[in-house]
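Below is one structure; the comments refer to it alone.
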Protein chains: 2
Amino acid sequence: MTKTYSIGELAREFDVTTRTIRFYEDQGLLSPRRRGQTRVYSPADRTTLKLILRGKRLGFSLAESRDLIRMYRPASDNRQQLEALLQRIADKRAQLERQLADIQVLQTELDDAEARTRQALTGL
Amino acid sequence: MTKTYSIGELAREFDVTTRTIRFYEDQGLLSPRRRGQTRVYSPADRTTLKLILRGKRLGFSLAESRDLIRMYRPASDNRQQLEALLQRIADKRAQLERQLADIQVLQTELDDAEARTRQALTGL
DNA sequence: GGGGAAGTTTACGTTAACGTAAAGTATTGA
DNA sequence: TCAATACTTTACGTTAACGTAAACTTCCCC
């Protein structure tokens, strides 16, 4: 019998509101089981939530995260769709590469800024 | 005599609308000179715009980018403020580190997804 | 058995980041 | 000279991603 989570538990763990989690479900990013009215989250649901929040930290929209979630599941036996999926994966990879490059540029700019700030401090 | 740019030139170069560029000015991120009514952008203005768009690709808000721009200029001779600036720089650096880690996790997840997709394709 | 505490639905409100349209000015090329 | 281009300001509209509030049910505890 595998572990489950309540919406409140997940909200606390990831520091989001329950409203946020329900909103993600509304947008089709999560589909927890129900015990009566109450939502019951599986470890897989929790992983999905984690994926969404990781995406948010990288500036992804919920639509992009939904796409990412779909990439992470087979979900098709159609050749065309699988090929299209490979393409979307490649596109995402390219986007991540660009973000990585952007981060590196920003890091060296921060290095510069810090050096100049320290320089200004020694001049006081 | 240093080069200048019109708003249209910059818009074309960076693939944004002129509305967007004016909006950034409205938000205090850009302050081009004027020739009469018309905005005239310096190479420094262009660099600032590039910084903003790089931030956007990383999911930064305009407020964050405004802060980044300020980090990139001395702008103070007050010890307290310089120390505070160093702190903000350190914070940004930490954020970039986390984003970098997030990207790496996502990259290996994409690797998995691609492998599984190729596997599904060979099974057809 | 009477509160809390945690869950639910429904619905209106809010903010950021522009889009879109209207109406006017300035320059430029046929 | 006139019509197309590129610029300007002003102002209302739009979308994503929730926040906030109200009104309700369920469960647990003393």
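Bear in mind that the values here come from a model prediction, so they are computed numbers and not experimental data. So that the names make sense, note that chain A is the first sequence line, chain B the second, and so on, each numbered from 1.
With sequence neighbours left out, the side chain to side chain donor-acceptor pair (under 3.5 Å) criterion links B:Gln37 to no other residue. In this structure B:Thr17 satisfies the side chain to side chain donor-acceptor pair (under 3.5 Å) test together with B:Thr20, sequence neighbours excluded. Partners of B:Asn78 by side chain to side chain donor-acceptor pair (under 3.5 Å), not counting sequence neighbours: none found.
The two residues A:Ser65 and A:Gly55 have their closest heavy-atom pair at OG-CA, 4.2 Å.
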Protein-nucleotides 4-8 of chain D N/O pairs closer than 3.5 Å?
{"unit_1": "D:dC7", "atom_1": "OP1", "unit_2": "B:Ser6", "atom_2": "OG", "d": "3.0"}
{"unit_1": "D:dC7", "atom_1": "OP1", "unit_2": "B:Gly8", "atom_2": "N", "d": "3.3"}
{"unit_1": "D:dT8", "atom_1": "OP1", "unit_2": "B:Arg39", "atom_2": "N", "d": "2.7"}
{"unit_1": "D:dT8", "atom_1": "OP1", "unit_2": "B:Arg39", "atom_2": "NH1", "d": "3.1"}
{"unit_1": "D:dT8", "atom_1": "OP2", "unit_2": "B:Arg22", "atom_2": "NE", "d": "3.1"}
{"unit_1": "D:dT8", "atom_1": "OP2", "unit_2": "B:Arg22", "atom_2": "NH2", "d": "2.6"}
{"unit_1": "D:dT8", "atom_1": "O5'", "unit_2": "B:Arg39", "atom_2": "NH1", "d": "3.3"}

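Look at A:Glu25 and A:Arg34 and you find a salt bridge, because one of the NZ, NE, NH1 or NH2 atoms lies within 4.0 Å of a carboxylate O, short of that distance.
Between the side chains of A:Gln87 and A:Asp91, a donor-acceptor pair is found at a separation under 3.5 Å. A donor-acceptor contact closer than 3.5 angstrom is absent between the side chains of A:Asp45 and A:Thr48.
Bounding nucleotides for the chain B contact on DNA chain C, 5' to 3', at a heavy-atom distance below 4.0 Å, are C:dA17 to C:dT20.
A cation-pi arrangement, defined by a distance under 6.0 Å to the six-membered ring centre and an angle within 45 degrees of its axis, is present between A:Arg116 and B:Tyr72. Remark: B:Arg46 fails to qualify as a cation-pi partner of B:Phe14 under the 6.0 Å distance and 45° angle criteria applied to the six-membered ring.
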(request) List the steps, then state whether side chain to side chain contact (heavy atoms under 4.5 Å, CB included) holds for A:Leu51 with B:Glu109. (result) CA-CA 10 Å; A:Leu51 180 64; B:Glu109 285 181 353; 3.4 Å; yes
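Of all the residues in residues 58-66 of chain B, B:Ser61, B:Leu62 reach under 4.0 Å from DNA chain C with at least one non-hydrogen atom.
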